[in-house]
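We're numbering straight along the sequence, starting at 1.
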Amino acid sequence: MIQDHSPALGATPASPALWRPSRTVAVILAGGTGTRLGLGIPKQLLKIAGKPIIEHTLAIFEAAPEIDEIIVLMATGHVPDAQQIVDKAGFRKVTKVIEGGDTRNATTRIALDAVGEGDVNILFHDAVRPLVSGRIVRECVNALWSYSAVDVAIPSADTIIQVDENDCITDIPVRSALRRGQTPQAFRSPTIREAYRIAEGDPNFAATDDCGVVLRYLPGTPIKVIDGSDENIKVTHPVDVHLADKLFQLAAAQAPRLTDHRSYSEELIGRTIVVFGGSYGIGHELTELARRYGAQVFPFSRSTTGTHVERAGDVEAALKTAFEATGRIDHVVVTAGILERGALAEMDEETMDRLLQVNFVGPVTIARQALPYLQQTKGQLLLYTSSSYTRGRARYALYSATKAALVNLTQALADEWADVGVRVNCINPERTATPMRTRAFGEEPEHTLLAAEAVARSSLDVLISELTGQVIDVRRAPGEATQAVPAQKPRVADETNVASATVG
């Protein structure tokens with residue numbers, strides 16, 4: 001159990017007694033049924049960003065060094081579902097997956113019995129808060145060195161009103177003193193046990209919040225509040241599903257970045273990467289970067305290898321070439337794409353067909369052909385979209401539409417292929433210096449464009465991560481100078497199939 005023994009700044013110890021817990025246990029409360037979401041399954045089993053909500057939640061506590069053990073209390077009839085998720089994900093800290101009670105009171109008592117006797121730190125967390133951070137978990141555990149009860153909350157951004165039985169306002173509390181409660185809630189085991197023991201004597205006792213039980217039945221016990229986060233939402237209503245999915249996309253923009261050449265080499269030596277569209281721009285930079293770190297990279301394009309991504313035979317031959325040379329394919333990257341500008345009504349059928357074939361049929365064809373190879377290595381398919389996927393733009397309607405289609409393809413395949421261990425992600429870079437962009441927009445000031453090498457490095461970070469089902473935004477940090485490079489000039493022979501970037 002790794003903990004920081006120093007109390008929070010300004011903290012007043014709740015008791016002079018020295019607290020020496022034997023371990024720290026996270027209790028994941030997964031008893032919801034999904035009624036408000038209109039689902040036929042518990043909401044914690046609903047998939048967001050390619051994984052069940054409860055799997056995202058468990059992963060945070062599994063990775064937290066402060067947590068020694070995890071106990072899951074699952075909705076009635078769904079314990080096998082939760083156990084299957086735990087087993088498949090390989091969560092080693094999960095020691096029990098058991099059925100919760102009919103009420104919150106009963107569920108907490110079951111949890112306390114499952115934890116067992118002895119002095120223990122206990123964290124209760126809602127399974128449907130999958131965006132809790134490691135920072136929150138750490139601060140909860142650290143606060144227990146000074147306090148016997150800890151809550152997590154954020155300031156209220158809204159004015160709170162109090163009403164009577166006729167829905168008329170009776171009071172407007174001062175907003176600065178109000179907080180919106182979240183989880184986890186953390187306790188020294190003797191404190192939460194004693195609060196519930198006393199509560200059992202109250203015939204009107206009905207718990208909805210464990211800190212509330214301590215506040216009501218152990219009124220002299222200080223309850224420390226630490227800062228939560230706006231992202232730590234509870235998935236309760238249909239709109240929460242969309243918000244959580246988008247928040248995962250934003251979080252994925254922080255794809256883990258390794259610190260040095262050796263770390264990248266340790267990850268990439270022995271891996272085989274196939275890059276469709278590897279002659280120019282992002283695809284070329286990714287090829288060169290991965291090779292420097294020891295990966296075996298096979299770039300294919302129309303101009304250099306005669307590979308047309310929309311032709312199944314060409315794709316099959318390319319993948320076969322890489323596999324026969326190395327005996328494996330770990331990653332397949334699709335940067336090939338074209339951008340044709342113009343009003344849809346004025347675009348000829350040949351241009352429309354070429355754009356749809358290369359930008360959408362190509363990635364679909366590659367996905368189908370690559371799956372058997374990626375299944376063997378539990379690898380990843382990486383696609384590329386554009387910022388225009390969120391809203392179609394005039395004069396490149398088909399381009400925008402195909403980029404939106406790739407995002408949907410990413411999310412669908414991540415879900416579809418999760419059972420076979422294949423990950424699928426999509427990179428969404430801001431305006432990038434590539435031959436395709438130069439051809440479409442001419443020369444632009446370098447300081448306004450992102451370097452293709454920067455996008456390539458972010459792409460490499462995603463390839464060696466465990467992310468799946470994500471749209472990863474590649475952006476400059478606020479105030480950061482752009483490290484752009486002049487876009488390479490496309491060869492005439494390849495001007496309609498150069499490495500893809502985005503049109504911002």
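- Annotation for D314 and H308: closest pair OD2-N, 2.9 Å, computed over non-hydrogen atoms.
- Ring planes of Y293 and Y264: parallel class, angle under 30° (limits at 30 and 60°).
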Given V72 and I98, is the side-chain contact (heavy atoms from CB on, under 4.5 Å) satisfied, shown in steps? CA-CA 6 Å; V72 179; I98 56 180; over 6 Å; no
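- Annotation: R135, atom CZ; neighbour count of heavy atoms from other residues, nucleotides and ligands within 6.0 Å is above 12.
- More than 12 heavy-atom neighbours from other residues, nucleotides or ligands sit within 6.0 angstrom of CZ on R291.
- Checked by atom type and distance alone, the side chain of Q44 never pairs as donor or acceptor with a backbone atom of I53 at under 3.5 Å.
- For the pair T468 (side chain) and V424 (backbone), a donor-acceptor distance under 3.5 Å is present.
- A distance of 7.0 Å separates CD1 of I464 from CZ of R271, quoted to the nearest 0.5 Å.
- Between E466 and K51, the closest heavy-atom pair is O-NZ, 4.2 Å.
- Scanning both residues, A26 and I67, for their nearest heavy atoms gives CB-CG2, 4.0 Å.
- Across all non-hydrogen atoms, the minimal contact from I329 to L374 is O-CD2, 3.8 Å.
- Between the side chains of D260 and S263, at least one donor-acceptor pair of N or O atoms lies under 3.5 Å.
- S156 places no side-chain N or O within donor-acceptor distance of the main-chain N or O of R175, the cut-off being under 3.5 Å.
- Applying side-chain hydrogen bond (donor to acceptor under 3.5 Å, both in side chains) to S265 and the options R262, E267, H261 leaves one that passes, H261.
- One finds the CG atom of L289 at 12.5 Å from the CD1 atom of I282 (value rounded to the nearest 0.5 Å).
- When all heavy atoms of N232 and H125 are compared, the pair lying nearest together is OD1-CE1, 4.2 Å.
- Within the model, atoms CZ of R368 and CD of E316 stand 12.0 Å from one another, a figure rounded to the nearest 0.5 Å.
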So F276 and V332, side-chain contact (heavy atoms from CB on, under 4.5 Å) or not? Walk me through it. CA-CA 8 Å; F276 289 96; V332 174; 3.9 Å; yes
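- Looking only at side-chain heavy atoms (C-beta outward), L46 and P52 stay at 4.5 Å or farther from each other.
- Considering only heavy atoms from C-beta on, V235 comes within 4.5 Å of P130 through its side chain.
- Annotation: side chain of L398 is in contact with side chain of L344 (closest heavy-atom distance under 4.5 Å).
- Side-chain atoms of D348 come within 3.5 Å of backbone N or O of T351 as a donor-acceptor pair.
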Run the numbers on T95 and I70 for side-chain contact (heavy atoms from CB on, under 4.5 Å), then give the verdict. CA-CA 6 Å; T95 58; I70 302 170; over 6 Å; no
Let's go through R354 and E340 carefully: what are the C-alpha distance in whole Å and the side-chain angles of both, what is the deciding distance for salt bridge (charged side-chain N to carboxylate O under 4.0 Å, His left out) to 0.1 Å, and is it a yes or a no? CA-CA 9 Å; R354 184 171 65 251; E340 298 288 351; 3.2 Å; yes
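- One N or O on the side chain of S133 and one on the backbone of I136 form a donor-acceptor pair closer than 3.5 Å.
- By the 4.5 Å heavy-atom criterion applied to side chains, V474 and N428 are not counted as neighbours.
- Looking only at side-chain heavy atoms (C-beta outward), V86 and L58 come within less than 4.5 Å of each other.
- Q411 and D415 form no side-chain donor-acceptor contact under 3.5 Å, judged by distance and modelled atom types alone.
- We find that K88 and D419 are joined by a salt bridge, their nearest charged nitrogen and carboxylate oxygen being less than 4.0 Å apart.
- Atoms CG and CZ, on L383 and F360 in that order, are 10.0 Å from each other to the nearest 0.5 Å.
- V334 places a side-chain heavy atom less than 4.5 Å from the side chain of L381.
- Taking the side chain as every heavy atom from C-beta outward, L382 and L463 approach each other to under 4.5 Å.
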Quick one: do T183 and V132 satisfy side-chain contact (heavy atoms from CB on, under 4.5 Å)? Show the steps, please. CA-CA 8 Å; T183 64; V132 64; over 6 Å; no
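- Using modelled atom types, one side-chain atom of N425 and one backbone atom of Q470 make a donor-acceptor pair closer than 3.5 Å.
- Between the E55 side chain and the A89 main chain, no donor and acceptor come within less than 3.5 Å of each other.
- Note that the CG atom of L339 and the CG atom of N359 stand 8.0 Å from one another [nearest 0.5 Å].
- Using a 3.5 Å distance cut-off with no hydrogens or angles, the side chains of Q296 and T326 do not pair a donor with an acceptor.
- Note: F248 CZ to L467 CG = 10.5 Å, rounded to the nearest 0.5 Å.
- You'll find the side chain of V422 reaches within 4.5 Å of the side chain of L371, heavy atoms only.
- Side chain to side chain, Y384 and S459 meet the donor-acceptor criterion of an N or O pair below 3.5 Å.
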Report the C-alpha distance between R292 and E288 in whole Å, list the side-chain angles of each, state the deciding distance to 0.1 Å, and finish with yes or no for salt bridge (charged side-chain N to carboxylate O under 4.0 Å, His left out). CA-CA 6 Å; R292 288 202 297 271; E288 294 302 310; 5.4 Å; no
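- Side-chain atoms of T304 do not come within 3.5 Å of backbone N or O of F300 as any donor-acceptor pair.
- Panel note: side chain K93, backbone E62; a donor-acceptor pair is recorded below 3.5 Å.
- The backbone N or O of A82 lies less than 3.5 Å from no partner atom in the side chain of H78, so there is not a single donor-acceptor pair.
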Using the rule given for side-chain hydrogen bond (donor to acceptor under 3.5 Å, both in side chains), can you reason through T272 versus Y373, listing the C-alpha separation, both sets of side-chain angles and the distance that settles it, and then say yes or no? CA-CA 11 Å; T272 298; Y373 296 102; over 6 Å; no
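- Between Y399 and Y396, the angle of the ring planes goes over 60°, which puts this pair in the perpendicular group of the 30/60° scheme.
- More than 12 heavy atoms of other shown residues, nucleotides or ligands fall within 6.0 angstrom of atom CD in E266.
- Across all non-hydrogen atoms, the minimal contact from T365 to A312 is CG2-CA, 3.6 Å.
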